[in-house]
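Notes to accompany the following structure.
Source: prediction; values computed, not measured.
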Amino acid sequence: MKRGTSGLSLVVPVRKPSGMSSHDVVNRVRRILGERRVGHAGTLDPLAEGVLPIMVGPATRLDRYMASHDKTYTVDVVFGASTTTDDREGDVMHVASVPTEVASEEFARAFCRGLIGASKQIPPVYSAIKTNGKKACDEARRGNMIVLEPRDIEVYDAELVALGNVGPDDHHGAEDAATAAVRVPYGGAPYWTVRFSVSKGTYIRSLARDMGPALKTYAHVGALRRESVGGVELDECVSLEALEARGAALAIDPMRFLDMRVVFPDEAAAQAVENGRALRARGLELFERGRGHCREIACCTPTVVQSCHALADGELVALIIKNRLKAIYRYDEASGLLKPDCIFQKGICRGVCL
């Protein structure tokens, strides 16, 4: 299908396969939906698989609002070697023996618990972080290393799932053999499969890399799967093949990816939004998602509850009009107004309410 302007404005939760870059997925979706405006939120390395939010049409403007989500990953951390990219796709730089206690499940569980908490992290050299307008990964490929500053991160949970040793031709991380089929640079390497829940901006490759020196050895990522982004789980995501077959019918409610409260404007307020005007916050009812996990594609009225706490200065609020995400407003405490931050002329599809 020729790419152009399809008239679509939606978000699709794609299950990115290992072996494709996030940009490869974007290009595939462009071809499937015939829409040139396609983007993604939260880059996944080619090695990795898992949840990749894909935005289509005007919904690509949601990108900056979707970057703040916490995420969950399952990773195979392979000990005994460091690589140029901090994962199995890089060249091996250093090899070292691995302390015997790494083979102890009790020791591994205790070590993982010790990773929980706030800390500073230096991102991988091969990352998309920009310095002076230049991506670190692009400069690294040219042989120019950019010095990256430590970043504040937080590990909310770190749970050992499995541990073992990798044979020279064996798969490891057999929690899901279909998705964890990997090879490592050398045989006999011990590995831990760990499930991490982390804050935005956390690089799992850096977590794995830094586990090596903490255990007096080296380490890298052998396999990586992103299990969740915000409130969207991996089993809710769709394959590219399913998207090819069903297209826009697989759209999900974008509110599932947005960490903000909701206003359902009345007719007068809706007209003000259409005209790009500010809204007086006093008198507006605010809603938030209920605590129960909602599995339907669209966020229907029963899944939200009235919110009782006051707006905070600078807080972002989503405005839903005729069951489409119409705008995002920002609260200005000094004036008591909600002011337009981003308005979607057609609104963004919220999926099909089952």
From [atom1] ([X]) to [atom2] ([Y]), nearest 0.5 Å:
X      : Y      : atom1 : atom2 : result
Arg37  : Met55  : CZ    : CE    : 12.5 Å
Ile252 : Cys237 : CD1   : SG    : 7.5 Å
Leu243 : Ile54  : CG    : CD1   : 9.0 Å
Arg209 : Ile122 : CZ    : CD1   : 6.5 Å
Arg225 : Arg15  : CZ    : CZ    : 6.5 Å
Asp45  : Thr85  : CG    : OG1   : 8.0 Å

Shortest non-hydrogen contact from [X] toward [Y]:
X      : Y      : answer
Met93  : Thr84  : CG-CG2, 3.6 Å
Leu115 : Ala158 : CB-CB, 4.5 Å
Phe111 : Ala214 : CZ-CB, 3.8 Å
Tyr218 : Ser82  : CB-N, 3.5 Å
Leu207 : Val198 : CD1-CG1, 4.2 Å
Arg61  : Cys342 : NH2-SG, 3.2 Å

### Query
Between Leu240 and Val29, does a side-chain contact (heavy atoms from CB on, under 4.5 Å) hold up when you go through it step by step?
CA-CA 8 Å; Leu240 290 169; Val29 175; 4.1 Å; yes
### Message
Can you confirm whether Arg64 is buried at CZ, in the sense that more than 12 heavy atoms of other residues, nucleotides or ligands lie under 6.0 Å from that atom?
### Response
yes
### Task
Decide if atom CD of Glu106 counts as having more than 12 heavy atoms of other residues, nucleotides or ligands within a radius under 6.0 Å.
no
When you measure from the side chain of [X] to the backbone of [Y], do you find a donor-acceptor pair of N or O atoms at a distance under 3.5 Å?
X      : Y      : answer
Asp87  : Glu89  : yes
Gln121 : Tyr203 : yes
Lys326 : Phe344 : yes
Arg350 : Ile320 : no
Lys346 : Gly7   : yes
Arg256 : Gly231 : yes
Arg330 : Gly314 : yes
Arg30  : Arg36  : yes
Ser22  : Leu44  : yes
Trp192 : Val102 : yes

### Task
Verify side-chain contact (heavy atoms from CB on, under 4.5 Å) between Leu62 and Val11, making sure each step is shown before the conclusion.
CA-CA 9 Å; Leu62 288 174; Val11 177; 4.0 Å; yes
### Query
Step by step, would you call Ser97 with Thr217 a side-chain contact (heavy atoms from CB on, under 4.5 Å)?
CA-CA 6 Å; Ser97 59; Thr217 185; over 6 Å; no
### Query
Taking only residues two or more places apart in sequence, or in another chain, which ones meet Arg28 in a side-chain hydrogen bond (donor to acceptor under 3.5 Å, both in side chains)?
none
### For Asp259, all residues meeting side-chain hydrogen bond (donor to acceptor under 3.5 Å, both in side chains), sequence neighbours excluded
none
### Message
Do Leu311 and Val304 land in one hydrophobic cluster if side-chain heavy atoms of ILVMFWY residues count as linked below 4.5 Å?
### Response
no
### Query
What about Leu325 and Leu286, same hydrophobic cluster or not, with Ile/Leu/Val/Met/Phe/Trp/Tyr joined at side-chain heavy-atom distances under 4.5 Å?
no
### Query
Hey, are Asp70 and Ser199 close enough side-chain-wise for a donor-acceptor pair under 3.5 Å?
no
So do the side chains of [X] and [Y] get within less than 4.5 Å of each other, counting heavy atoms only?
X      : Y      : value
Asp341 : Leu316 : yes
Pro13  : Glu236 : no
Cys349 : Arg324 : yes
Arg226 : Leu52  : yes

#### Entry: Aromatic plane relationship, Phe287 with Phe264 - under 30° parallel, 30 to 60° tilted, over 60° perpendicular
perpendicular
### Task
Before giving the answer on side-chain contact (heavy atoms from CB on, under 4.5 Å), spell out for Thr72 and Tyr156 the whole-Å C-alpha distance, their side-chain angles and the decisive distance to 0.1 Å.
CA-CA 10 Å; Thr72 302; Tyr156 303 125; over 6 Å; no
### Task
Please identify each residue that fulfils ring pair (Phe, Tyr, Trp, His ring centres under 6.0 Å) with Tyr331, with sequence neighbours left out.
none
### Message
Taking Asp86 first and then Arg205, would you say they form a salt bridge - that is, a charged N and a carboxylate O separated by under 4.0 Å?
### Response
no
### Query
Under 4.0 Å between a Lys/Arg side-chain N and an Asp/Glu carboxylate O for Asp152 and Lys120?
yes
